[in-house]
Amino acid sequence: MSTKKVFVGLTAVTSVSIFLLHSYHFSWGSHHRSHYSTVSPRSSSPPEPHPRRKQTAVVFLKTHKTAGSTVQNILFRFAERHDLTVALPGGVCSYQNHQFCYPRPFSRLFVHPLTRPSRIVASHLRPGLSELRSLVPPDATFVTIVREPASMFESLFSYYGQHSVSFRNAPNRSIGAFLSRPTAYYRPGERFAMFARNSLLFDLGGDPNRDPGDRAYLRDFILGLESVFSLVMVAEHFDESLVLLRRLLAWDLEDVTYVRLNARSEASRARLTGDLPDQARQWNWLDAQLYQHFNATLWAKLGALGPESLRRELGLLRQANGRLARDCFGVAGPGPPPALQASQIQDKELRPWQPGGRVSILGYELPRNLSLPPSLATSCLRLITPEVSYSRRLLMKAAVRARLQRRNRPGLGNRPDWEGD
Ligand SMILES: *[C@@H]1O[C@H](CO)[C@@H](O)[C@H](O)[C@H]1NC(C)=O
Ligand SMILES: *[C@@H]1O[C@H](CO)[C@@H](O)[C@H](O)[C@H]1NC(C)=O
Ligand SMILES: *[C@@H]1O[C@H](CO)[C@@H](O)[C@H](O)[C@H]1NC(C)=O
């Protein structure tokens, strides 16, 4: 589907649903908190005497330009291996096959009926927390990920430079020009403005245009997040975050191995220098505060784990990733498999979506000269399947499963008791 079509669709839908967009000012905190105050965050605990059962109900709130695609791929593969229903977009926003009508506040109507109720949620959405809760079992674990705001902003600027009106307004599409006078180019209501200021806070359900001096707002917002999310990962400390995720969910090492997805080519990256990182943090002040808070929280949890355990678990994870790179790609050394430009990738299904302009998003292909046993080849393919293809694939699988269920158990529904309200 062409990008243009997507945008036309988005405009059409958003304009008929202005009322929904009013919950722009929705927050997890303050008045909503009372509903959720019974949900206490699970802390990273010391090793448990008995192995717990794997947690198989997980909501990953995917944020933009934060390594979220890599986490999503981990969850999609886990879901396939354990035969779990993944919530997939469908129905209302049929022009989006990989996100839930973002940036409209989430409703379960955005979820394809064949994938409701769900055990895994990992595609872009903007909360709607109570709707999200009604989609998954009551004991589902909520996690999300944040990224350092200056590098996040650089990434957003380059990825959405063509699309966000605010970014397009800047002379020469220059990030320096934008950051020198952001208020001259940024208009809150404009198309894709959500990527141009405090994008992280927006994705988590907050109001990106809140007065940065409103400390109570931010404090309540963070408290609200903490009551919902058992773990907030940090992109800069990705492997450390996965160590905590694995412990939280009682998953195996193999369940969290990964290849980094949706990364830009080196040539598409700009390094912010001079005053620019500070200006970016200043402009995204709310995000900067969120980041500081959750990075500190992450390191407090890692501290509780102890340096020895952390070192050991990081070593195990990196070894497991190395084995994967060797088995799937024939990589000899310790490093990751070589990433390719989309044009170098023969299999269309493996080409990641390209945002346009001069930005190149890299992907992978399995080496042709490596003959893998079929089951290994399949799991290697999933590891490098980009979000859009993977979502389509999972939906096809859900359709097949539904057909089989209907044939085998006519008249018998399979609505577990948490569905329905
Ligand atoms: C835009 O680019 C042109 C050509 O490189 C340069 O002459 C001009 O000064 C730039 N404008 C701004 C505002 O940076
Ligand atoms: C996150 O916090 C840790 C511990 O204080 C610090 O060492 C690290 O530099 C921080 N990460 C970033 C990217 O700021
Ligand atoms: C496969 O081809 C790549 C280069 O295309 C080469 O580096 C690698 O050694 C080859 N592997 C095998 C097993 O022949």
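The analysis underlying the following values was restricted to heavy atoms, covering all of them including side chains, and did not include hydrogens, waters or symmetry mates. Positions are given from 1 along the sequence. One-based numbering, in listed order, for ligands and for the atoms of each.
- In this structure, the side chains of Arg77 and Tyr390 come closer than 4.5 Å at one or more pairs of heavy atoms.
- The protein residues lying under 4.0 angstrom from ligand 2, judged by non-hydrogen atoms, are Glu236, His237, Tyr291, Asn295, Trp299.
- The side-chain contact (heavy atoms from CB on, under 4.5 Å) search around Leu395 returns Leu88, His112, Thr115, not counting sequence neighbours.
- Here Arg281 pairs with Glu148 in a salt bridge; the nearest charged N to carboxylate O distance falls below 4.0 Å.
- With a 4.5 Å cut-off on side-chain heavy atoms, Phe294 and Leu225 count as touching.
- Ring pair His124/Phe100: centre-to-centre distance not below 6.0 Å.
- Ion pair Asp255/Arg81 flagged as a salt bridge, since at least one NZ, NE, NH1 or NH2 atom sits closer than 4.0 Å to an Asp/Glu carboxylate oxygen.
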